[in-house]
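Here is the structure we will look at.
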Protein chains: 2
Amino acid sequence: MPRAKITEVAREAGVSLSTVSRVMNGNPTVDAALAERVREVAARLGYSANPLARSLVLGRTQTISVVVPDLANPTFQAILRGLSHAASKDGYHVLISDTEERVEDEQEIAVTTRRRTDGVILCAPRLPQDELSALLPAIGPAVVINRPPQPEVPTVSADYGVATAGLIAHLQSLGHRRLAFLSGAVRSASGEARRRAIAAASDADPALEVVEISAGVDFDSGAAAADAVLASGATAALAFNDLVAMGLLSAVTSRGVRVPDDLSIAGFDDIPFSAYTSPPLTTASVPAADLGERAWAAMHALLSGGEPETDVTLAPQIVVRASTAPAAH
Amino acid sequence: MPRAKITEVAREAGVSLSTVSRVMNGNPTVDAALAERVREVAARLGYSANPLARSLVLGRTQTISVVVPDLANPTFQAILRGLSHAASKDGYHVLISDTEERVEDEQEIAVTTRRRTDGVILCAPRLPQDELSALLPAIGPAVVINRPPQPEVPTVSADYGVATAGLIAHLQSLGHRRLAFLSGAVRSASGEARRRAIAAASDADPALEVVEISAGVDFDSGAAAADAVLASGATAALAFNDLVAMGLLSAVTSRGVRVPDDLSIAGFDDIPFSAYTSPPLTTASVPAADLGERAWAAMHALLSGGEPETDVTLAPQIVVRASTAPAAH
DNA sequence: CTGTTAGCGCATTCAA
DNA sequence: TTGAATGCGCTAACAG
C-alpha cells in the first residue's frame, strides 16, 4: 500500500509542499481557491499526512500508554474500556501494556512504552511507593490510578477506605462481630486503605474482631482460603475483591456451608458477574469505567496545557445483594 | 524529560553518529574497544534511540493494531490478552481500537489506526464480506479473526460450526427434540456458521425441530428472550453466547422455571464466569486467548517475511456442566 | 573500520 | 499569500 506523500500532492496541484501542509492543517492564510484545489487533489489521491512523520516533527503522537498489571482482571478491563472510549472521543489512540503482574518489570515497561506516546496512565497497585516516586518524573505526563495522592501527578482513585468502612458497617448492622478479612496482594495501595479502615472500625467498636487471612487476588486464592475462613470462626468474610469472594463462595458452598445463612460474604469491585452468582454477591461497587474516563480527562488536561483535577476520588457504592444476611446466633 | 540524542552520545564519545548508530544496533563492523566506549557513554547518558525517528526511517513501528468491536465483551478481552502477551514476547507493542459496535466506522478506524502501526489484527464479526474484502487490501498486512477464509489474508477462527453440532448432539443425546436457538448478531460470521450447523442437524434428523428466536449478544437480550423461549415449547435452548445464556438463565429462573429440570440451556464461549453460574453452564469452550496468540503468530510471520499458516481453525470443546439435563417427558 | 551525506515525510521558520 | 530552506532524530548508502 504505497500511500501518497505530500510532495506528490504538491506537484499534482502545482503548489509547494508548504502550501499543502498549510491547507491540510487548516491554516487560514491560504487563498481560498488555491486551498480548494489542493483539497481536491488530496482527496483524489487519498492523501492524508503520515502520522509518524508528523509525530516526529511535532513532538507528539496523539497516543497515550496505559499500563495495567493484569489484562485478565475484570476491573482493569473496565478501566481500559472507559479510558479507551474517552480517549478516542478526543482523537487519541491507546497503546496498551500488560505487565502481567511482574512488578519488577513495571518501571522499564512504563519507560519504554512512554517513548512511543505522549504520556502514561499507570495502574501499578503493587509498585512500592519509593519506586513509583522515582518512576513518575521519568514518564511524565503521567496519571496514576488507585494510589494515594502523589506530588506533581494527578491521581484518580476509588476510595477503598470508605468502601471497607461501609461494608463493615453493613456487616455489623447484621449482627456480625467476628469477621474474616481476606487480604489480597501484599503491599498493594488499596490493600493498605482497606487495612486502615478495618483498624479504624476495630478501634471504634471493641466488640468487633477482624481476623486477617492472607490470600491472593483471584478466584483460586479465594477458594484456597476457604478452610482458613471456616476455621477462623468468623460469621462473615470480607474478600479482597469479587473474584476472591466468588472463589470463597464456591468453595465453602461445596463444603456444605450455606451462604449467607452460615456465612456472609462480601467483595469489592462489583465486576459484571457479581450480580449473578448464587447467591448474588454483596459488594462495594467500584466505578472502574469512570475511573478510566477520569484518568483520561486528567491526562487530556495535562496534554493540552489545562489544569487537571489533582486527586480525584470516586466513592464506591455498597451494593447489598444476597450473600450477606444476619449473623446466625 | 529531555532525553539524550544520538548526536550528544557521538560528541561525548568522540565518534560520528553513524558509529553510535552501528553500536546501538549491534552492527559487528565496529572496533571492539570503540564500541565499548560508545556503550559506556550511552549508558552514562541513559541514551536509547528515539523509536519515532527510528520508525520513520525504518518504515516500521514495532507496533500492531488490534481492532475489536467491544472491549466489554469477555471474549474479545481474552483475545486481546492472548494477543498482547504473545506480541510483547516478540518485542511488539499493541495499539487498541474499540469500534464500540459501530460497524459503519470499522473501516475508517482500521485504516486510520493502520497508519500508525505495522499491521492490523481485525475482529469484525459483523462487517459485510464485500466491505471486508475492500478493506483488507488497504490495511495489509492483516490477520482476520473469526471469519471464513479470506483470499491473501491469514485467518484465525474458532469453529462455531462443529461447536454448534457438538452442542446439538449433546442435547439430542439427552432426549431433546425441540430446541430454541437464540440467534445473536444479525449477519455475523460465526452466526452463519451456527445456522448452517443447525440446518445440517435438522436435515440429518427430521425429528429435530429448532425454532430460531432473534436476540442480541449480551446478558440483557438473553433475559429479554425468556418469554419467547418459554412460549416456544422448546425443552432446551442454545444461546448465541454465554452472556445471552446467562441472561436467559437468570430470567427464566426468576419466573420459576427450573434449569435444567424444566429447561436445558447451553451457551458458547466458556467465558470465565460460566463455570460459576447456578447451575454452572454447559457451553462450547472457545479458546479465545489462543485465538489471540495464533493471530499474533500469523502476523509475526507476515511481518518477518515468513509463511503464516493461512487458515487456522481451533475446535471449541464441549464442556458439559449442570445447565443441561435429560428432557422432561 | 569509520565518517560524510542523504533522506524518511512532514511542519515551520524565514524571505520574497 | 506563497515558496525555499531547515530540522525533528535516526539509519543506511557511499566513500575513504
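Per chain, numbering begins at 1; letters A, B, ... match sequence-line order.
Side-chain atoms of T19(B) lie closest to dT2(C) of the nucleotides dG9(D), dA11(C), dT2(C). Of all nucleotides listed (dA11(C), dT2(C), dA4(D)), dA11(C) comes nearest to the side chain of N25(A). Here the nucleotide nearest the side chain of V57(A), chosen from dT11(D), dC10(C), dT2(C), is dC10(C).
Put simply, S21(B) has a side-chain N or O that comes within less than 4.0 Å of OP1 or OP2 on dT11(D). Residue R22(B) places no side-chain N or O under 4.0 Å from the OP1 or OP2 atom of dT2(C). Under 4.0 angstrom from either OP1 or OP2 of dT2(C) there lies no side-chain N or O belonging to S18(B).
Looking at heavy atoms from C-beta onward, I79(A) lies in side-chain contact with I145(A) at the 4.5 angstrom threshold.
Between K5(A) atom NZ and dG7(C) atom P there is a gap of 12 Å when expressed in whole angstrom units. Rounding to whole angstrom units, CG of residue N27(B) and C1' of dC10(D) are separated by 15 Å. Rounded to whole Å, atom C1' of dT1(D) lies 8 Å from atom CG of D31(A). The nearest whole Å value for the distance from the CD1 atom in I6(B) to the C1' atom in dA12(D) is 12 Å. Atom CG of N50(A) and atom P of dC10(C) are 5 Å apart (whole Å). Computed from coordinates, the L56(A) CG to dG9(D) C1' distance equals 6 Å when rounded to whole Å. L52(A) places its CG atom 15 Å from the P atom of dG9(D), with the value rounded to the nearest Å. For E8(B) and dG9(D), the CD to P distance is 9 Å, given to the nearest whole Å.
In this structure, R39(B) pairs ionically with E36(B), as a charged nitrogen and a carboxylate oxygen lie closer than 4.0 Å. A salt bridge links E12(B) with R44(B): the distance from a Lys NZ or Arg NE/NH1/NH2 to an Asp or Glu carboxylate oxygen falls below 4.0 Å.
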For the pair E309(A) and R294(A), evaluate salt bridge (Lys or Arg N to Asp or Glu O under 4.0 Å) and give the outcome as yes or no after the intermediate values. CA-CA 9 Å; E309(A) 282 189 78; R294(A) 302 296 288 266; 3.0 Å; yes
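Mapping P28(A) and L17(A) onto DNA chain D by nearest heavy atom places P28(A) at the nucleotide closer to the 5' end.
For CZ of R102(A), the number of neighbouring non-hydrogen atoms (other residues, nucleotides, ligands) closer than 6.0 Å is greater than 12.
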